[in-house]
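Here's the structure we're looking at; comments come further down.
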Amino acid sequence: MSRPRAALRTAVVWEVLREALHRRAEAAGRSELDVLDAGGGSGHFAVPLARLGHRVTVVDPSPNALFALERRAAEEDVADRVRGVQGDAHGLLDVAERGGYDAVLCHGVLEYVDDAAEGLRNAVAALRPEGGVLSVLAAGLGGAVLARALAGHFTDAHHALTDPDGRYGDSDPVPRRFTAEQLSALVTDTGLKVAAVHGVRIFSDLVPGALVDTEPSALEALAQLEATAAEMPAFHAVATQLHVLAEVG
């Protein structure tokens with residue numbers, strides 16, 4: 001089965017998350033879950049989750065993103081299961097119910113908040129205390145170092161490798177990057193149990209488009225390679241993003 005190249009970037013996360021929510025629904029004895037998508041933007045994950053039958057609340061600081069979310073949900077006929085609320089990770093519990101969600105997504109948030117630990121604690125506090133799933137997706141240090149080096153920016157690569165926040169310089173648009181160990185430690189410090197760690201976009205950001213766009217089977221082969229490598233700790237060190245799945249209890 002073919003897939004758009006853009007979908008390849010999050011395919012690993014989507015499969016892991018979908019399976020985790022299925023297990024959570026079985027454990028809870030109900031098919032519809034309450035999901036909080038912190039920093040969910042225009043609904044890249046929220047709308048597909050709503051199509052699966054879940055109720056999704058998206059908290060995002062951008063009015064434009066929330067407008068796009070509303071339009072996208074309406075186009076996909078899931079507007080009754082998607083709610084957008086303006087807010088950020090720091091004030092998450094001001095706009096989202098404490099202990100009210102079966103699953104919380106925290107994707108592309110920890111890189112940008114002033115205090116990553118606080119942002120994560122707020123996300124965890126929104127989970128139901130009797131059981132819940134946390135999905136964290138954040139920028140990986142190794143992927144940035146490798147990308148800068150392969151582009152010939154060796155000084156940038158070295159700076160990112162040695163910088164406490166994993167930044168390659170003042171022009172770096174990402175305020176903070178993580179290793180798999182750092183991201184896992186942040187999660188376990190909240191009291192949750194890490195269930196799985198995956199590398200995301202290990203090869204897809206490095207492979208020239210011409211190598212996959214002209215051969216119908218190449219994209220699917222790349223997807224299979226990404227999926228297999230994602231589970232191997234050796235490749236976490238060079239992933240553009242890191243995904244941590246954690247559970248209450």
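Just so it is clear, the structure is predicted and the values come from calculations on it, not from any experiment.
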Taking atom [atom1] of [X] as the centre, report whether more than 12 heavy atoms of other residues, nucleotides or ligands fall under 6.0 Å from it.
| X | atom1 | result |
| --- | --- | --- |
| R30 | CZ | yes |
| D80 | CG | yes |
| D165 | CG | yes |

Is there a path of hydrophobic side-chain contacts, each under 4.5 Å between heavy atoms, that joins [X] and [Y]?
| X | Y | answer |
| --- | --- | --- |
| I202 | V197 | no |
| L93 | V113 | no |
| L219 | F203 | yes |
| V194 | V124 | yes |
| F235 | V145 | no |

Between [atom1] of [X] and [atom2] of [Y], what distance do you get to the nearest 0.5 Å?
| X | Y | atom1 | atom2 | answer |
| --- | --- | --- | --- | --- |
| D189 | L120 | CG | CG | 9.0 Å |
| L245 | L134 | CG | CG | 8.0 Å |
| L161 | H159 | CG | NE2 | 11.0 Å |
| R18 | H22 | CZ | NE2 | 10.5 Å |
| T179 | L242 | OG1 | CG | 7.5 Å |
| L92 | H90 | CG | NE2 | 11.0 Å |

Can you list the residues that meet the side-chain hydrogen bond (donor to acceptor under 3.5 Å, both in side chains) rule with [X], with sequence neighbours excluded?
| X | answer |
| --- | --- |
| R128 | D34, D102 |
| T240 | D205 |
| H198 | none |

Okay, side chain of [X], backbone of [Y]: is any donor-acceptor separation there less than 3.5 Å?
| X | Y | result |
| --- | --- | --- |
| R177 | G142 | no |
| S204 | R201 | no |
| S184 | E181 | no |
| Q241 | G140 | no |
| D60 | S62 | yes |
| E226 | Q224 | no |

Just do the side chain to side chain contact (heavy atoms under 4.5 Å, CB included) check on L183 and L110 with the steps written out, would you? CA-CA 9 Å; L183 195 59; L110 300 185; 4.0 Å; yes
Considering all heavy atoms, the nearest [X]-[Y] contact:
| X | Y | value |
| --- | --- | --- |
| A149 | A157 | N-CB, 3.8 Å |
| Y101 | E97 | CE1-O, 3.2 Å |
| R176 | A116 | NH1-CB, 4.0 Å |
| A89 | N122 | O-ND2, 2.8 Å |
| G131 | V248 | CA-CB, 4.0 Å |
| A160 | L141 | O-CD1, 3.3 Å |

Cluster membership besides L21, Ile/Leu/Val/Met/Phe/Trp/Tyr side chains within less than 4.5 angstrom, sorted by chain and number, is V13, W14, L17, L33, V35, F45, V47, L49, L52, V56, V58, L66, L69, V78, V82, L105, L137, V200
What do the steps show when you test R72 against E75 for salt bridge (charged side-chain N to carboxylate O under 4.0 Å, His left out), and what is the final call? CA-CA 5 Å; R72 185 174 185 178; E75 290 173 351; over 6 Å; no
Does a side-chain N-to-carboxylate-O contact under 4.0 Å join R121 and E118? no
Identify whether the distance between the nearest side-chain nitrogen and carboxylate oxygen of D172 and R148 falls below 4.0 Å. no
Under the salt bridge (Lys or Arg N to Asp or Glu O under 4.0 Å) test, which residues partner E130, sequence neighbours left out? none
R51: what forms a salt bridge (Lys or Arg N to Asp or Glu O under 4.0 Å) with it, not counting sequence neighbours? E76
Side chain to side chain contact (heavy atoms under 4.5 Å, CB included) for H243 and V16? Distances and angles first, verdict last. CA-CA 9 Å; H243 181 242; V16 171; 3.9 Å; yes
Using side-chain heavy atoms (C-beta onward) and a distance below 4.5 Å, is L192 in contact with L127? yes
